[in-house]
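In what follows, a structure is listed as structure tokens, so that the remarks can point back to it.
Atom set for the values below is all heavy atoms of this structure, side chains included, hydrogens, waters and symmetry mates excluded. Computed from a predicted model, the values in this text were never measured in an experiment.
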Amino acid sequence: MCGRTCCHLPVDTIRRACRYIDYEGEEQLPEWKDEDKYFPSYNKSPQSNSPVLLSRLHLDKDADPSERIIASMRWGLIPSWFRDADASKLQFNTSNCRSETMMERRSYKVPLEKGRRCVVLADGFFEWQQFRGDKQPYFIYFPQTKTEKSFFSRSVDEKVWDDWKMLTMAGIFDCWEPPNGGETLYSYTIITVDSCKALSDIHHRMPALLDSEEAVSKWLDFGEVPIHEALKLIHPVDNIKFHPVSTVVNNSLNNTPQCLEPVEIEDPYLSYARPKATTKSSQKEEPELPKRPRQLMQKNPTPTKRNSAGLMEQWLKKYGEAYNKKPKIQ
DNA sequence: CCAGACGTTGTT
DNA sequence: GTCTGG
DNA sequence: CCAGACGTTGTT
DNA sequence: GTCTGG
């Protein structure tokens, strides 16, 4: 599941991390709508704003459909029909959306049918593993080109973050007009799936990750890629790294780099070791033991099947597999 | 037809 | 136990 | 997601 | 606004 992220990079660094190649083969930096509504934090919770990618076609009627923009949006989707004057009065949770039922849920089906697909950006997300009533948080993120360790020390040179590969999560957004007037509120939900093998020891759900440029492009391009094609992108993704972090992250007010710092933890598997019951009378059901989380080395993701025609297909032929070969800016 | 919901997570 | 606020 | 509140009257 | 339950 996904109820906390880290997104601490400044606007310009994020824009550079989001450079991409459009269908004309041109390198682009996305424009940022509502730049001033984004506040970087090592500890972002629902109701706060984070950067999301979306097709410019949502805002400009005759934009190139492959053109991406970044917008600051509220985490926790407010359906367009919500009538209370205060968005925070919504009486149900929309920070996550189950992929299995999203086409049946009124709050998600309607925006999905309008093509309101977005890609939520973060340095990574946090997940809490439960054992013996305790909770161990982990930081979870895409594998990096530079060694992961170089990002997490206390005295890290902030410039190393220029090389961070941001996490890209599939989301749905909606637009809400405050009944008493004011600006349109853009808000989003993060789609969840069963967890991948690598994460299954930590938790049984995870956000739907888009782990290639091709997947991001298809999820965003609601003009070229119909829902039934886009839904094929929503599945567990194993291309992931993680490490345990301090419980400092538990309190969302703790906005410090310590939230990312790896910590040594007592092996929960060993901590469960105890004598086995030998008599029939004490043959109670043993509580299930959490397994030792392992850092699994993952292969490159297999490219998604290509189905759509026209510009999209041409673009894919040329750039679809250029994933990770980021062209330099200038 | 009207009334009322509209959502996810986890869990002994 | 359940909801709100961060 | 976790942390922390969960309530009213009247009072200084 | 739209769907489900009665």
Whole-Å P distance, B:dT12 and D:dC1:
15 Å

Gap between atoms CG and C1', on A:Leu77 and E:dG1 respectively (whole Å)
14 Å

Near A:Lys146 NZ, under 6.0 Å, is it more than 12 heavy atoms from other residues, nucleotides or ligands?
yes

Using ring pair (Phe, Tyr, Trp, His ring centres under 6.0 Å) as the criterion, list what pairs up with A:Tyr20, not counting sequence neighbours.
none

Which is true for A:Cys97 with a 4.0 Å heavy-atom rule: it touches a base, it touches only sugar-phosphate, or it touches nothing?
sugar-phosphate

Checking all strands, does A:Ser107 fall into the base, sugar-phosphate, or nothing category for heavy-atom contacts under 4.0 angstrom?
sugar-phosphate

Just to be sure I understand the rule, does A:Arg106 reach a base, reach only the sugar-phosphate, or reach nothing, if contact means heavy atoms closer than 4.0 Å?
base

Calculate the interatomic distance between A:Gln129 atom CD and D:dC1 atom C1'; express it in whole Å.
15 Å

Option from A:Phe152, A:Phe242, A:Phe126 for which ring-ring contact (aromatic ring centres under 6.0 Å, His included) with A:Tyr141 holds
A:Phe152

Under the criteria of a ring-centre distance below 5.5 Å and an interplanar angle below 30°, is A:Phe92 stacked with the base of B:dG7?
no

A:Glu177 CD to E:dG1 P, straight-line distance once rounded to whole Å
12 Å

By the 4.0 Å heavy-atom rule, please label A:Ser80 as base, sugar-phosphate, or nothing.
nothing

To the side chain of A:Arg4, which of C:dG6, B:dT11, B:dT8 is closest?
C:dG6

With a 4.0 Å cut-off on heavy atoms, is A:Phe125 in touch with a base, just the backbone sugar-phosphate, or nothing at all?
nothing

Could you work out the separation of C:dC3 and B:dT8 based on their P atoms and round it to a whole Å?
16 Å

As a test of your reading of the structure, name each stem of DNA chain E as range with range, where a stem is three or more consecutive Watson-Crick or G-U pairs at under 3.5 Å.
B:1-6 with E:1-6

Whole-Å distance, A:Lys44 NZ to C:dG6 P, equals 14 Å

What is the distance, rounded to the nearest whole Å, between atom CG of A:Asn93 and atom C1' of C:dT2?
11 Å

What class does the angle between the rings of A:His58 and A:Phe222 fall in, given that below 30° is parallel, 30 to 60° is tilted and above 60° is perpendicular?
parallel

ring-ring contact (aromatic ring centres under 6.0 Å, His included), paired with A:His8, selected from A:Phe139, A:Trp161, A:Trp164:
A:Trp161

Quick check: are there more than 12 heavy atoms from other residues, nucleotides or ligands sitting under 6.0 Å from CD of A:Glu183?
no

Work out how far the P atom of B:dT9 is from that of E:dT2, and round it to whole angstrom.
26 Å

Rounded to the nearest Å, what distance is computed from the CZ atom of residue A:Phe126 to the C1' atom of nucleotide C:dG6?
15 Å

If you check every side-chain atom of A:Gln47, which of E:dG1, D:dA3, C:dG6 has the closest atom?
C:dG6

What's the gap between B:dT11 and D:dC2 when it is taken at their P atoms, as a whole Å value?
9 Å

Rounded to whole Å, the NZ-C1' distance (A:Lys109 to B:dA5) equals 14 Å

Which of these nucleotides, B:dC6, D:dC2, C:dG5, is closest to any side-chain atom of A:Ser88?
C:dG5

Are A:Glu261 and A:Lys149 close enough, and set up right, to give a salt bridge (charged side-chain N to carboxylate O under 4.0 Å, His left out), and what steps lead you there?
CA-CA 9 Å; A:Glu261 208 172 285; A:Lys149 273 185 189 167; over 6 Å; no

I need the NE2-C1' distance between A:His204 and B:dT9, as an integer number of Å.
7 Å

Picking from B:dT9, C:dG6, B:dG7, which would you name as closest to the side chain of A:Thr94?
B:dG7

Reckon A:Pro137 touches a base, only the sugar-phosphate, or nothing at all at heavy-atom distances under 4.0 Å?
nothing

Of the listed nucleotides (D:dC2, B:dT9, B:dG7), which one gets closest to any side-chain atom of A:Lys135?
D:dC2

Do A:Trp176 and A:Tyr186 have ring centroids that are under 6.0 Å from one another?
no

